[in-house]
Structures are given as structure tokens and as C-alpha cells.
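The structure appears right after this line, and notes come after that.
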Number of protein chains: 2
Amino acid sequence: MILKSQVEWALHCCAILAGLPEGRYLSTKALAELHGLPKEYLSKALQSLSQASLVDTTLGPSGGYRLARSASEINFLDIVEAVEGKARSFTCTNIRENNPCRPAGYCDSKPCAVARIMWEADEAWRDTLRRVRLSDLVGILSEEVRPDLWQSTFEWVLKRAG
Amino acid sequence: MILKSQVEWALHCCAILAGLPEGRYLSTKALAELHGLPKEYLSKALQSLSQASLVDTTLGPSGGYRLARSASEINFLDIVEAVEGKARSFTCTNIRENNPCRPAGYCDSKPCAVARIMWEADEAWRDTLRRVRLSDLVGILSEEVRPDLWQSTFEWVLKRAG
DNA sequence: TGTTTTGCGGATATTCTATATCCTTAATTC
DNA sequence: GAATTAAGGATATAGAATATCCGCAAAACA
């Protein structure tokens, strides 16, 4: 059970976009360079964010991405699901139906108990991610990252933001 | 992020083993037939349970598997991790280190904040699974499964248990 | 007007994992 | 000695993750 690396990329990119001044855009090229990622492939992750309406885009030189709403209105689950999909990690194939002792026409009243428990854990995972806002991440980073690096990074970003 | 189907198989098999009388064993063949699963491949899942010391095995005719300890001393996480592995679902590749603004020799004081949050969600998932005992599953099933099917299934099992 | 830059989607290639089967070996039962 | 079992290694297949490339349309700018 392993998340795609694109999830990591998308989260870091959103953190950067959250620091952009109102109305400015940052390109795939800049985001790829900043994080040392393959530009073409990172582009797919950003497209997922766009399809999920988490980011706005604009074309042409000085084009790129910006958050579609404020960082306090975007949570981790939004971003993770945009890239990874909304499917549950546990898939119930109803193997209880293969029980040779089943009477013909036997009908289950509820979803399989095994699946319900696994889905409960899945929900706990989602709840945790839902409770963390993108603005929380930015808050943590602004405290932990050394001020000189924090500042020079945003200077670097602003120089490239259209 | 999708769990292997072997996880589902292992959980259902353990539920059956939990119903075995003290000291008796059930073979891969019987477990595969009961659940309609490929015997050879199911065998790999059962081997994982064995390697994790969740089940005891014995060879020869009338051989097979039984729980290594009581169903109240085995939780869902034990079984899931035995099959799926203990690796976290989120892997941090430390892409922050690729930031071109980083001063040479810059040293991070903590693991990446993004990773810490993702790992927290991972722990919530694990905690939920850790809190559910195999005996809890058996309790739920014994209430939900229609008594005639419940009984005939265990007759079927006992006929094949060595 | 035309050139450059950008996001977007489709097509394709590569690598890795999950799924599945087969075979040999050693232990156990009868 | 014959049958049955778990264990583990080797191998094959399918599908997903990773990655690259191309053409298109929109936007900026000279």
C-alpha cells in the first residue's frame, strides 16, 4: 500500500503556491526546478490538481498555477485525493459468497464485516488528512525553515512568478 | 494506494481458524476451497502469517494451520502487516533538499513537515486496526451470519480439520 | 502579424509490483 | 513405502507507476 510520489510533489507544490502573492502564477518549469523533479511528469500531477479545481491556471508566458482558493480552505485530503484518487485502500471482493455451504439465494444483510472494519481504518486516515489545512503546513514551515532559506526561496519564486 | 487482495484473504482465513477447536489444523486446500481462492497463491499469504508467528503449522495429512495464540491476542494490524508489510504508505524522498536556494551544508533540524503529517494519518490508520481484535470480528460474524450458514460452515470445516 | 511560452491531453515506453503457477524438498501420517 | 502437507525458489503474466514526447490552443509580447 504505497502512495504515488506525485502525492509528495503535489503537497510541496501547493505549499509554494500558498506563498504566492494574490493574482500571480507559477509555472510547472519553476516548480520542477525548485524541487528537482521531472517537468513533464510533475505536469501530470499539477493537471490533477487543476481537474480537482484546487488550482487555477493560465496560459502563455507568465502563465502557470495559483491556488483556486485560500490555503485555509484547502486541506491535505483534497490534495491527496486529487492526485491519488478517491478509491478506498481496501477492496472487498466478497469472497464469503464462494462459501460452498451457502444456500442458493442466500442474501447478505450487510456489507462484509471484514470490509467494514478495514473501511473504518481508511476513514480514520482520511479524517486525519481532512483536519490538516494547507495553511497549517505553511505555518509549520515558516517556523521550522531557517529564515534565510525561507526568504531566499520566496525571492527565487517571485522572480519567476508571472 | 491499494492493499493486496491477500490481505482480505488472510483476514477471512484467520476468522475461520479462530473457530477451530483447540489443537486442530486446517489445510491451505480447505481454506482455498472455502473461499474460492487459488490454492497456490493463498499459500503465500498463509506463509506470511506463519513467518509473522501468527499461526502454527504442521506437515503431513491432517496438517495445516491453526492460530498461534488466542483470537483476543491477535489484532487486525498484526494480520494486515504480516501480509502487506510494515512500510509506511507515504515515502518522503526529501525533495526539499533539491531547493537551489539551499546554502551548502544546510542541515534540517527535523523530518520534513509534509512527511510528518502524512505519517500521522498513517498512524491513525494503524491505530484503528490495532484496536480491533480478531475475536471482535468473530463476535460480529457470529451475530450477523445466519445461524444455519454459520453452523453448516463449521461442520464443513471440522470435517476437513486434522 | 508572428514568435515564444504556457497548460492540456493523448500516445507510448519502461520499470516495478501484484498476481499466479509450477516444482522440489522435507516433515508427517497411515 | 505411499500419500499429503507446508515451505521456498523459479518463473510467467497483468497491470500500475513512472517517465517522455508530441501536437494543440490560449496568452503574452515584439
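What you see below is based on every heavy atom in this structure, not just the backbone, and it leaves out hydrogens, waters and symmetry mates. By convention in this document, chain letters (A, B, ...) are assigned in the order of the sequence lines, proteins followed by strands, and residues within each chain are numbered from 1. Not measured: the values here are computed from a predicted model.
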For the hydrophobic clusters of this structure (ILVMFWY residues joined by side-chain heavy atoms under 4.5 Å, transitively), does one cluster hold both Y25(A) and L158(A)?
->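 No, Y25(A) does not connect to L158(A) through the hydrophobic network.
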With a 4.5 Å limit on heavy-atom distance, are the side chains of N75(A) and L134(A) in contact?
->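 Of all side-chain heavy-atom pairs linking L134(A) with N75(A), none is under 4.5 Å.
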Encode nucleotides 21-28 of chain D as B, S and - characters from 5' to 3', where the letter depends on protein heavy atoms closer than 4.0 Å: B to the base, S only to sugar-phosphate, - to neither.
-> B----BBS
Send over the distance from [X] [atom1] to [N] [atom2], rounded to a whole Å.
X	N	atom1	atom2	result
L26(A)	dG7(C)	CG	C1'	13 Å
L37(B)	dA20(C)	CG	P	9 Å
E84(B)	dT17(C)	CD	P	13 Å
I2(B)	dA14(D)	CD1	C1'	14 Å
K4(B)	dA20(C)	NZ	P	12 Å
D56(A)	dT6(C)	CG	P	18 Å
L42(B)	dT21(C)	CG	C1'	14 Å
Y25(B)	dA7(D)	OH	P	11 Å

Where do D78(A) and R69(A) land on the salt bridge (charged side-chain N to carboxylate O under 4.0 Å, His left out) test, with the steps shown first?
-> CA-CA 12 Å; D78(A) 293 328; R69(A) 46 187 199 264; 3.5 Å; yes
Distance-only polar pair, side chains of N98(A) and R96(A), donor-acceptor under 3.5 Å =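 No, because no side-chain N or O of N98(A) sits under 3.5 Å from a partner of the opposite role on R96(A).
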Side-chain donor-acceptor pair under 3.5 Å between Q51(B) and Q47(B), yes or no?
->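 Q47(B) and Q51(B) do not have a side-chain donor-acceptor pair below 3.5 Å.
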Of all the nucleotides listed (dT19(C), dA19(D), dG9(C)), which has the minimum atom distance to the side chain of Y41(A)?
->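 From the listed options, dA19(D) comes nearest.
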How is Y65(A) classified with respect to the nucleic acid when contacts are heavy atoms under 4.0 Å: base, sugar-phosphate, or nothing?
->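 Counting heavy atoms under 4.0 Å across all strands, the contact made by Y65(A) is with sugar-phosphate only.
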Counting any heavy atom closer than 4.0 Å, what does G64(A) reach on the DNA or RNA strands: base, sugar-phosphate only, or nothing?
->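 If one applies the 4.0 Å heavy-atom cut-off, G64(A) turns out to touch the sugar-phosphate alone, with no base involved.
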Looking at W156(B), is R160(B) sitting on its ring face, NZ or CZ under 6.0 Å from the six-membered ring centre and within 45 degrees of the normal?
->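 So R160(B) does make the cation-pi contact.
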State whether [X] places a side-chain N or O below 4.0 Å from either non-bridging phosphate oxygen (OP1 or OP2) of [N].
X	N	answer
S5(B)	dT19(C)	yes
T57(B)	dA7(D)	yes
Q47(A)	dG9(C)	yes
Q51(A)	dG9(C)	yes

For residues 2-18 of chain B, pull every pair meeting side chain to side chain donor-acceptor pair (under 3.5 Å), keeping only residues two or more places apart or in separate chains.
->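 The answer is T93(A)-E8(B).
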